[in-house]
Amino acid sequence: MRGRALQSREFKRRGAADVFGVDISVEMIAAGRESERREPLGVRYEVGDVAELPPLDRRFDIALGVQCLNYAEDIQEMERMCRNIHRSLVPGGEFFVLAQKPDYGFDCVSLDKYGFRCEPTGEETETGPRVRVTALLAPQPITIVSTAPRREVYEDCLRAAGFSAVEWVPLQVSEAGIREFGEDFWADLLANPPLEMLRCRA
């Protein structure tokens with residue numbers, strides 16, 4: 001929910017009845033609203049911090065956090081984020097978290113050919129090590145520093161918020177991606193995946 005607001009549009013395209021995108025980034029929400037203005041799909045956007053998210057006007061079946069919980073400054077903030085998301089879901093609703101793989105091997109083959117770079121900063125926080133992720137965009141790369149929380153931190157915070165059936169899902173390459181680039185292209189990414197999906201149920 002705090003993640004990339006533009007992801008919300010794909011949910012609508014795939015048949016979701018009501019989509020609400022929340023992001024702490026004013027720029028990201030502005031981009032979502034501009035996309036909605038150019039191609040109206042009925043997606044609502046709001047600037048907000050999931051850690052301080054007020055009760056919503058309705059509950060949802062699915063929540064998606066793309067690089068979301070890893071911005072929590074400490075365990076207490078992550079638990080608060082998880083509780084707010086849990087409160088926003090119907091009973092049995094699902095929460096999907098796409099995040100940096102907790103035990104990612106930073107000494108692996110470079111991921112530059114996939115368009116990004118992951119590096120440890122050498123700092124450690126209560127939730128896990130600090131990580132510098134650079135999107136190798138032209139003309140100017142964009143670098144973001146966040147945390148790569150440990151697996152038990154994610155799992156404990158989600159369960160403390162009331163989530164169950166917590167499960168890690170390995171990164172997969174879509175059939176479309178394999179058709180376009182070939183299996184060999186993805187070998188380094190799959191040998192040491194930088195991302196992992198976590199799903200659970202309210």
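A continuous path of Ile, Leu, Val, Met, Phe, Trp and Tyr side chains, each step under 4.5 Å between heavy atoms, connects L111 with F181, placing both in one hydrophobic cluster. No continuous path of ILVMFWY side-chain contacts below 4.5 Å connects F163 to V90, so the two sit in separate hydrophobic clusters. Both V26 and V66 belong to a single network of hydrophobic side chains, linked directly or stepwise wherever heavy atoms of I, L, V, M, F, W or Y lie under 4.5 Å apart. I144 and L136 fall into different hydrophobic clusters, where Ile, Leu, Val, Met, Phe, Trp and Tyr are joined by side-chain heavy atoms under 4.5 Å apart, directly or via other members.
Among residue pairs with one or both ends in residues 125-144, none qualify as ring pair (Phe, Tyr, Trp, His ring centres under 6.0 Å); sequence neighbours excluded. Counting only residues at least two apart or on different chains, the ring pair (Phe, Tyr, Trp, His ring centres under 6.0 Å) pairs with a member in residues 107-149 are Y114-F185, Y114-W186. Counting only residues at least two apart or on different chains, the side-chain hydrogen bond (donor to acceptor under 3.5 Å, both in side chains) pairs with a member in residues 129-144 are E73-R130, R130-T147, T134-T143. The salt bridge (charged side-chain N to carboxylate O under 4.0 Å, His left out) analysis of residues 181-195, with sequence neighbours excluded, yields the pairs K113-D188.
Y154 has its side chain within reach of M78: a pair of non-hydrogen atoms, C-beta onward, lies under 4.5 Å apart. Residues P102 and R150 fail the side-chain proximity criterion, which asks for heavy atoms closer than 4.5 Å. At a threshold of 4.5 Å between non-hydrogen side-chain atoms, the residues L198 and L158 count as touching. The shortest side-chain heavy-atom distance between S35 and R38 falls under the 4.5 Å cut-off. Contact annotation: the side chain of L195 approaches that of Q67 to within less than 4.5 Å [non-hydrogen atoms, C-beta and beyond]. By the 4.5 Å heavy-atom criterion applied to side chains, N192 and V109 are not counted as neighbours. Between V131 and Y104 the shortest side-chain heavy-atom distance does not fall below 4.5 Å. Side-chain contact between Q100 and S146 is absent, with no heavy atoms from C-beta onward closer than 4.5 Å.
Residue E175 qualifies as open at atom CD: its count of foreign heavy atoms under 6.0 Å is 12 or below. Other residues, nucleotides and ligands place no more than 12 heavy atoms under 6.0 Å from the CD atom of Q172. Sparse packing is recorded around CD of Q76, with 12 or fewer heavy atoms of other residues, nucleotides or ligands lying under 6.0 Å away. Around atom CZ of R58, more than 12 heavy atoms belonging to other residues, nucleotides or ligands sit under 6.0 Å away.
Here the CG atom belonging to D74 is positioned 9.5 Å from the CD atom belonging to E79, to the nearest 0.5 angstrom. To the nearest 0.5 Å, atom CG of residue L53 and atom CE of residue M81 are 10.0 Å apart. To the nearest 0.5 Å, atoms CZ (R117) and CG (D112) are separated by 4.0 Å. Taking CG of L64 as the reference point, atom CD1 of I62 lies at 9.0 Å (rounded to 0.5 Å). Note: D156 CG to T127 OG1 = 12.5 Å, rounded to the nearest 0.5 Å. Once rounded to the nearest 0.5 Å, the distance linking CG of L56 with CZ of F20 reads 5.5 Å.
With respect to R199, the salt bridge (charged side-chain N to carboxylate O under 4.0 Å, His left out) criterion is satisfied by exactly one of E167, E155, E94: E167.
By the salt bridge (Lys or Arg N to Asp or Glu O under 4.0 Å) test, E39 pairs with R9, R13, sequence neighbours left out. Remark: R59 pairs with no residue by the salt bridge (Lys or Arg N to Asp or Glu O under 4.0 Å) rule, at least two apart or across chains.
Scanning all heavy atoms of the two residues, the minimum distance from E196 to V169 falls at CG-O, 3.4 Å. A191 and P193 make their closest contact through C-CD, 3.8 Å (heavy atoms, listed as atom of the first residue, atom of the second, distance). Taking each heavy atom of R87 and P55 in turn, the nearest pair found is NH2-N, 3.5 Å. Residues F106 and C118 share a closest heavy-atom pair of CD2-O, 3.7 Å.
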Could you walk me through whether D18 and R44 pass the side chain to side chain contact (heavy atoms under 4.5 Å, CB included) test, one step at a time? CA-CA 8 Å; D18 187 13; R44 296 179 293 143; 3.5 Å; yes

Take H86 and F95 through the ring pair (Phe, Tyr, Trp, His ring centres under 6.0 Å) test and state the conclusion after the steps. CA-CA 8 Å; H86 187 276; F95 179 34; 9.9 Å; no

Could you please spell out the steps behind the side chain to side chain contact (heavy atoms under 4.5 Å, CB included) verdict for I29 and E46? CA-CA 7 Å; I29 291 299; E46 185 174 310; 5.8 Å; no

Stepwise, does the side chain to side chain contact (heavy atoms under 4.5 Å, CB included) test hold for I75 with C157? CA-CA 7 Å; I75 290 173; C157 288; 3.8 Å; yes

Any chance you could lay out the side chain to side chain contact (heavy atoms under 4.5 Å, CB included) test for E36 and L41, step after step, and finish with the verdict? CA-CA 6 Å; E36 182 66 20; L41 295 176; 3.8 Å; yes

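Here the side chain of N84 pairs a donor or acceptor atom with the backbone of V50 at under 3.5 angstrom.
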